[in-house]
Amino acid sequence: MDIIELVPETFKSFIMQDKAVVDFYAPWCGPCRSMLRELEKKAVEFPDFPIGKVNIENAANQELVKLFQVSTIPAVFLFGKGQLLDHFTGYQPARLKEFCQTVNPKC
């Protein structure tokens with residue numbers, strides 16, 4: 001499964017899945033690019049692992065940035081059926097693996 005670029009119109013339906021990960025990022029952010037590479041690997045290895053990304057530089061996404069109080073990037077959120085389950089900030093591949101394992105124990 002590919003990483004899905006989310007905007008306010010698609011965000012809510014995306015996070016309503018059993019489990020979903022959303023990465024808030026900026027294209028210029030080095031740690032964000034590193035986290036996106038990790039997310040891309042997970043998306044290829046585990047296609048049942050829904051991953052979305054929100055570009056904080058997109059003016060249309062500012063409502064989401066405020067709603068989730070994103071002040072540090074990358075900011076990675078784990079949702080389950082629309083509920084926020086957990087989140088972390090910064091480049092943390094080990095935490096991403098934990099999130100992935102909630103969807104697929106082999107992750």
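For clarity, every value in this text was computed on a predicted model and none was experimentally measured.
With hydrogens and angles ignored, the 3.5 Å screen pairs a side-chain donor or acceptor of N61 with a backbone N or O of N55. A donor-acceptor contact shorter than 3.5 Å links the side chain of R33 to the backbone of P27. No donor-acceptor pair under 3.5 Å is formed between the side chain of E63 and the backbone N or O of A60.
Side-chain contact between K81 and I15: absent, with no pair of heavy atoms (C-beta onward) separated by less than 4.5 Å. Side-chain contact between K42 and L96 is present, with at least one heavy-atom pair separated by less than 4.5 Å. Between V54 and V22 the shortest side-chain heavy-atom distance falls below 4.5 Å. Side chains of L6 and K53 form no contact here, defined as non-hydrogen atoms less than 4.5 Å apart. Two residues are said to be in side-chain contact when any heavy atoms from C-beta on lie closer than 4.5 Å; P74 and F24 fail this criterion. Taking 4.5 Å as the limit, some side-chain heavy atom of V70 sits within range of a side-chain heavy atom of F77. Between I4 and F14 the shortest side-chain heavy-atom distance falls below 4.5 Å. Here the side chains of P50 and V21 are not in contact, with every heavy-atom distance at 4.5 Å or above.
Looking at E38 and Y91, their side chains do bring a donor and an acceptor atom within 3.5 Å of each other.
Checked against the 6.0 Å centroid criterion, the rings of F99 and F79 do not qualify as a close aromatic pair.
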